[in-house]
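The analysis underlying the following values was restricted to heavy atoms, covering all of them including side chains, and did not include hydrogens, waters or symmetry mates. Note that this is a predicted model, so its numbers are computed, not measured.
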Amino acid sequence: SLRNYVDRNILFNETDVFKKIICVSPNTLHAVKKEIPRISSKLILANLAVDENNFPQSTFLRKSVNSLGYFTHFDSTQGQGMNTKRGHLAVTASELSGIPLISNGHLPFQAMDLMYKQVDVYMMTSIYESGPLGLFEAGICGIPIIASPAGLAPQFLANGGGVMTETFDEQEYINMAVNVLKFWKENPDEFQKESIRIRENTLQNHTWNSVKDQWSNGILEFIEAK
């Protein structure tokens, strides 16, 4: 039962039954190593990525800031007693900037192309993430990102395409979002450059083509260990 895994000791002990474990981001891999160092040799890295052909209607240069997007659960995902998603930060940034927020955490994947089509800036507010895939999906569509430093956001935004807070402080996120949105609205040329950067960065480093060897090698190693 999944309820058993609320008990960390049970979870840690039961990892012994696996010969290999695929981790979907460096952050996940390092977190597992830190918590259960004895299974380090079992870990295989295979990064998450996006299919560049999945969002044909949503992929275009963003020229101005007219809407924000937040496509995950607001407050329903709890970890260690905390709200790990913090969707209320996206709501507050929208209210303070006066830019409408488009949000839906329950859409099927097939509908996402139409949702990203309506979005000019993607808001990622989480405390914990592996990817998240939303970063790569927004990136492949050319949507600049305002992110917290969770998951792969630090590596993903290192070459531009958005901004990221230094800490997980909520007020820092809101202040940054409002200031950056104001700057982008007043400087559409700079905003367009961010749209180009995030698309090119995603195409170069975060498509399935760029990580497929990690997955095929990881799966082969996984099969050979059985």
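Rounding to the nearest 0.5 Å gives a distance of 7.0 Å between CD1 of Ile21 and CD1 of Ile36. Going from atom CZ of Phe71 over to atom CG of Leu133 covers 14.5 Å, rounded to the nearest 0.5 Å. Note that CG of Leu29 and OG of Ser40 are 8.0 Å apart. Values are rounded to the nearest 0.5 Å. Separation of atoms CD (Gln204) and CG (Asn209) is listed at 13.0 Å; rounding is to 0.5 Å. Once rounded to the nearest 0.5 Å, the distance linking SG of Cys141 with CE of Met112 reads 9.0 Å. Summarising the geometry, atom CE belonging to Met123 is positioned 14.0 Å from atom OG1 belonging to Thr72; distances are rounded to the nearest 0.5 Å.
What you find for Pro149 and Thr167 is that their closest heavy atoms are CD-O, 3.5 Å. Scanning both residues, Leu45 and Ser25, for their nearest heavy atoms gives CD1-C, 3.5 Å. Taking every heavy atom of both residues into account, Arg86 and Asp169 meet most closely at NH1-C, 4.5 Å. For Pro144 against Ser195, the heavy-atom pair with the smallest separation is CG-N, 3.7 Å. Summarising the geometry of Glu194 relative to Gly160, their closest heavy-atom pair is OE1-C, 4.1 Å, with the distance given to 0.1 Å. Of all heavy-atom pairs spanning Arg62 and Phe60, the tightest one is NH1-O, 3.0 Å.
Within the 3.5 Å criterion, the main-chain N or O of Ser41 finds a donor-acceptor partner in the side chain of Lys20. Without hydrogens or angle criteria, Ser148 side chain to Ser126 main chain gives a donor-acceptor distance under 3.5 Å. Distance alone, capped at 3.5 Å, places no donor-acceptor pair between the Thr92 side chain and the Leu89 backbone. Under a 3.5 Å cut-off, the side chain of Thr202 and the backbone N or O of Ile198 do form a donor-acceptor pair. Without hydrogens or angle criteria, Asp120 side chain to Ser67 main chain gives a donor-acceptor distance under 3.5 Å. The main-chain N or O of Asp51 is never found under 3.5 Å from a side-chain atom of Thr207 such that the two would form a donor-acceptor pair. The backbone N or O of Val65 sits less than 3.5 Å from a side-chain atom of Lys185, completing a donor-acceptor pair.
For the pair Ile22/Trp215, a side-chain contact is recorded, criterion being any heavy-atom separation below 4.5 Å from C-beta on. You'll find the side chain of Leu68 stays beyond 4.5 Å of the side chain of Ile146, heavy atoms only.
Note on Val24: it clusters hydrophobically with Ile223, by side-chain heavy-atom contacts below 4.5 Å among ILVMFWY residues. Hydrophobic clustering (ILVMFWY, side-chain heavy atoms < 4.5 Å, transitive): Val211 and Ile219 are in one cluster. Clustering ILVMFWY residues whenever any of their side-chain heavy atoms sit less than 4.5 angstrom apart, transitively, puts Phe18 in the very cluster that holds Leu43. No single ILVMFWY cluster, assembled from side-chain heavy atoms under 4.5 Å apart, contains both Ile196 and Ile140. In the hydrophobic cluster analysis, where Ile, Leu, Val, Met, Phe, Trp and Tyr join through side-chain heavy atoms closer than 4.5 angstrom, Leu61 is grouped apart from Val50.
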Inset, instruction - List the steps, then state whether side chain to side chain contact (heavy atoms under 4.5 Å, CB included) holds for Leu152 with Asn47. - result: CA-CA 10 Å; Leu152 283 171; Asn47 279 302; 4.3 Å; yes
Legend entry - Chi angles and distances behind the side chain to side chain contact (heavy atoms under 4.5 Å, CB included) call for Asn159, Arg197: CA-CA 7 Å; Asn159 298 317; Arg197 284 191 195 104; over 6 Å; no
Inset, instruction - Could you walk me through whether Val121 and Val180 pass the side chain to side chain contact (heavy atoms under 4.5 Å, CB included) test, one step at a time? - result: CA-CA 11 Å; Val121 177; Val180 169; over 6 Å; no
Inset, instruction - Report the C-alpha distance between Arg199 and Thr59 in whole Å, list the side-chain angles of each, state the deciding distance to 0.1 Å, and finish with yes or no for side chain to side chain contact (heavy atoms under 4.5 Å, CB included). - result: CA-CA 9 Å; Arg199 164 82 176 160; Thr59 301; 3.4 Å; yes
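Other residues, nucleotides and ligands contribute only 12 or fewer heavy atoms inside 6.0 Å of the CD atom of Glu166. Shown here is Lys182, whose NZ atom has no more than 12 heavy atoms of other residues, nucleotides or ligands within 6.0 Å. The number of heavy-atom neighbours closer than 6.0 Å to NZ of Lys117, taken from other residues, nucleotides and ligands shown, is 12 or below.
Using a 30° and 60° split on the angle between ring planes, Tyr116 and Tyr122 fall in the tilted class, from 30° to 60°.
Of the N and O atoms on the side chains of Glu172 and Thr165, not one donor lies less than 3.5 Å from an acceptor on the other residue. No hydrogens or angles considered: a donor-acceptor pair under 3.5 Å links the side chains of Asp113 and Ser58. Ser64 and Asn66 are linked by a side-chain donor-acceptor pair at a separation below 3.5 angstrom, with hydrogens and angles left out of the test.
Leu96 pairs in a side chain to side chain contact (heavy atoms under 4.5 Å, CB included) with only one of the listed residues (Val178, Asn175, Val91), which is Val178.
The list of ring pair (Phe, Tyr, Trp, His ring centres under 6.0 Å) pairs with a residue in residues 160-187, not counting sequence neighbours, reads Trp184-Phe191.
Salt-bridge annotation for Lys85 and Glu129: present, with a side-chain N of the basic residue lying under 4.0 Å from a carboxylate O of the acidic one.
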